[in-house]
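Since the structure comes first, as structure tokens, the remarks are kept for the end.
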Amino acid sequence: MKKRIAFMLTIFITGLNLVNSQTSVSDNSFAIESYSHYKKFGMLDGRPDQSRAWMDTILFPARENASGTLAATKLRTVYLVNDVPALFDIPLPPANSSAQTKAELEFLLQLQEKRTQQDVDRFQKLAGIFHSPNNFNPYDKDYDRNFSSLFHVGGPLGEWYTYKNLPLTAQLLSDAYRDATYYFFKLKVQIARARPYMLEPKLKNLERPPHASYPSGHSAASYVNAYIMIEVAPDLGNEFLQMAAEMAYSREVLGVHFPSDSEVSRIWARNFVNELLKTDKFNQDLEKVKKEISEKQNLLKKSSIIKKPNQVSESSCSSSCNSESSCCHN
């Protein structure tokens with residue numbers, strides 16, 4: 001039986017290598033995986049393996065939760081005023097001892113083996129793109145980074161797409177992030193999945209986030225942003241999703257998230273935005289955002305200074321992070 005499992009894992013990892021070698025995105029040396037590698041992991045057995053039962057006793061240590069993590073579970077929401085039980089109902093992660101987790105850890109070791117300094121620099125900048133919903137002080141030194149982070153996923157719209165140009169858009173995205181933060185941090189605390197490097201000592205993680213692994217906050221927030229922006233500019237939907245996919249993948253390359261953390265975050269984000277779209281307040285605010293963006297685009301066209309799509313500014317990226325922030329290094 002053990003030989004059979006080892007053989008299946010060898011074939012599976014070989015298949016992932018073929019996918020990696022055939023996939024190319026932009027000019028990064030790292031290929032952003034298609035959803036196929038998440039689906040392949042999901043096909044493996046996630047149930048506990050009694051021969052490695054000791055691994056299932058490992059949870060994310062409660063003592064490592066930042067104070068901001070617990071504070072996030074008490075946030076007052078804006079759009080989803082009452083708890084939506086369905087948003088707390090996500091599949092449990094595969095067991096630490098399972099064949100699926102074993103394969104995912106092997107995959108992360110492969111990513112670690114091939115990552116270059118250029119890759120690390122790029123993805124550590126992405127790590128600095130997160131939004132703390134309680135920072136509304138324009139004199140705070142982190143204010144510009146905090147609100148610029150909201151506009152990363154929508155970057156394919158052009159360099160004019162900034163929080164300074166679009167205050168209503170900034171408000172809607174911040175409010176949506178606030179609601180999302182409440183949910184995914186509650187899930188993190190309740191599920192308490194260990195980080196990959198807590199199970200595999202060979203993993204050289206480049207961060208040590210102060211909260212549990214499942215779901216991924218960076219991934220969930222980015223996909224929430226992408227699905228909202230699809231409502232605003234559906235013609236750029238693939239580009240928005242690509243931005244979110246890169247964010248999710250970057251967390252795997254840095255060794256701080258399992259692929260299954262990324263995939264559940266994508267699915268959860270879609271469900272979350274579906275719930276937002278059921279509320280009158282969100283739809284009213286969304287219409288204001290569509291009008292604001294349309295008016296800005298028309299003004300820029302008249303001025304003949306509109307930028308071509310897909311010119312994404314990285315000025316919002318920052319590697320600095322306050323580890324006590326409730327949204328830091330999700």
Side-chain angles (χ1 to χ4, degrees), residues 5-47 49 90-116 119-120 122-123 126-127 153 193-197 199-200 202-207 213-223 226-227 237-271 330:
I5 292 175
F7 174 75
M8 291 176 65
L9 284 174
T10 300
I11 295 299
F12 176 72
I13 296 299
T14 301
L16 285 178
N17 287 335
L18 290 175
V19 171
N20 292 349
S21 64
Q22 294 171 358
T23 306
S24 178
V25 178
S26 71
D27 59 352
N28 293 328
S29 59
F30 257 89
I32 300 172
E33 308 301 332
S34 67
Y35 293 152
S36 62
H37 86 292
Y38 298 118
K39 291 177 182 177
K40 288 180 179 180
F41 282 125
M43 293 170 62
L44 295 177
D45 193 345
R47 294 173 299 179
D49 181 337
I90 65 173
L92 290 175
N96 293 345
S97 64
S98 69
Q100 181 177 348
T101 297
K102 183 176 181 180
E104 290 190 31
L105 288 171
E106 181 62 32
F107 177 70
L108 295 182
L109 286 171
Q110 289 185 5
L111 294 185
Q112 175 177 284
E113 181 67 23
K114 68 177 183 177
R115 68 189 179 197
T116 66
D119 300 320
V120 171
R122 166 66 177 164
F123 292 144
L126 290 182
V153 170
R193 187 184 196 182
R195 294 280 176 170
Y197 50 82
L199 303 182
E200 175 51 74
K202 294 179 183 177
L203 269 177
K204 300 175 183 177
N205 53 299
L206 301 181
E207 301 173 14
S213 194
Y214 189 91
S216 165
H218 269 82
S219 302
S222 295
Y223 276 113
Y227 289 127
N238 287 337
E239 286 86 343
F240 299 145
L241 288 173
Q242 182 70 11
M243 299 292 281
E246 182 188 30
M247 180 66 78
Y249 185 59
S250 73
R251 310 305 289 158
E252 298 165 32
V253 175
L254 295 179
V256 297
H257 275 295
F258 296 93
S260 48
D261 296 339
S262 302
E263 178 65 351
V264 78
S265 298
R266 180 184 67 83
I267 296 169
W268 179 87
R270 179 66 270 180
N271 293 333
N330 298 323

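Hydrogens, waters and symmetry mates are skipped; everything else that's a heavy atom, side chains included, is used.
Proximity of Arg193 to Pro94: side-chain heavy atoms (C-beta onward) are separated by under 4.5 Å at one or more points. A 4.5 Å side-chain heavy-atom check between Pro196 and Asn205 finds every atom pair outside the cut-off. Under the 4.5 Å side-chain criterion, counting only non-hydrogen atoms from C-beta, Leu108 is in contact with Pro259.
With rounding to the nearest 0.5 angstrom, the CZ atom of Arg47 is 10.5 Å from the CG atom of Asp49. Remark: Gln110 CD to Lys114 NZ distance equals 7.5 Å, nearest 0.5 Å. To the nearest 0.5 angstrom, Ser262 atom OG is 7.0 Å from His37 atom NE2. Residue Ser216 holds its OG atom at 6.0 Å from CZ of Arg251, rounded to the nearest 0.5 Å. Atom CG of Leu254 sits about 10.0 Å away from atom CG of Asp119, to the nearest 0.5 Å.
In terms of heavy atoms, Ala220 sits closest to Ser265 at N-CB, 3.6 Å. In terms of heavy atoms, Glu207 sits closest to Tyr197 at O-CE2, 4.0 Å. For Val253 against Arg115, the heavy-atom pair with the smallest separation is O-NH1, 2.9 Å. Contact between Leu44 and Ala103 at its shortest, heavy atoms only, is CD1-CB, 3.4 Å. Closest of all the heavy-atom pairs between Ser213 and Ala194 is CB-O, 3.5 Å. Shortest non-hydrogen contact noted between His218 and Ala127 is NE2-O, 3.0 Å.
Looking at Gln112, its side chain does come within 3.5 Å of a backbone N or O of Lys204 through a donor-acceptor pair.
Ring centers of Phe107 and Phe41: under 6.0 Å apart, within the cut-off.
Stacking of Arg266 on the aromatic ring of Tyr38 is not recorded, the 6.0 Å distance cut-off and the 45° axial limit not both being met.
Shown here are the side-chain hydrogen bond (donor to acceptor under 3.5 Å, both in side chains) partners of Asn238, two or more places apart in sequence or in another chain: there are none. Checked against side-chain contact (heavy atoms from CB on, under 4.5 Å), Asn96 has the following partners two or more places apart in sequence or in another chain: Met55, Asp56, Ile58, Leu199. Remark: Ile267 pairs with Glu263, Asn271 by the side-chain contact (heavy atoms from CB on, under 4.5 Å) rule, at least two apart or across chains. Scored by the side-chain hydrogen bond (donor to acceptor under 3.5 Å, both in side chains) test, Ser250 finds no partners at all (sequence neighbours excluded). Listed by chain and residue number, Ser98 satisfy the side-chain hydrogen bond (donor to acceptor under 3.5 Å, both in side chains) test with Thr101 (two or more places apart in sequence, or in another chain). With sequence neighbours left out, the side-chain contact (heavy atoms from CB on, under 4.5 Å) criterion links Ala244 to Ser222, Tyr223, Ala226. Residues passing the salt bridge (Lys or Arg N to Asp or Glu O under 4.0 Å) test with Arg270, sequence neighbours excluded: none.
With no hydrogens or angles considered, no side-chain donor-acceptor pair links Gln100 and Ser260 at under 3.5 Å.
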Practice task
Apply side chain to side chain contact (heavy atoms under 4.5 Å, CB included) to Leu109 and Lys202, showing your working.
Solution key: CA-CA 8 Å; Leu109 286 171; Lys202 294 179 183 177; 3.8 Å; yes

Practice task
Would you please test Glu252 and Leu111 for side chain to side chain contact (heavy atoms under 4.5 Å, CB included) and show each step?
Solution key: CA-CA 8 Å; Glu252 298 165 32; Leu111 294 185; 4.0 Å; yes

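Under 4.0 Å is where a charged nitrogen must lie from a carboxylate oxygen, and between Arg122 and Glu246 at least one such pair does.
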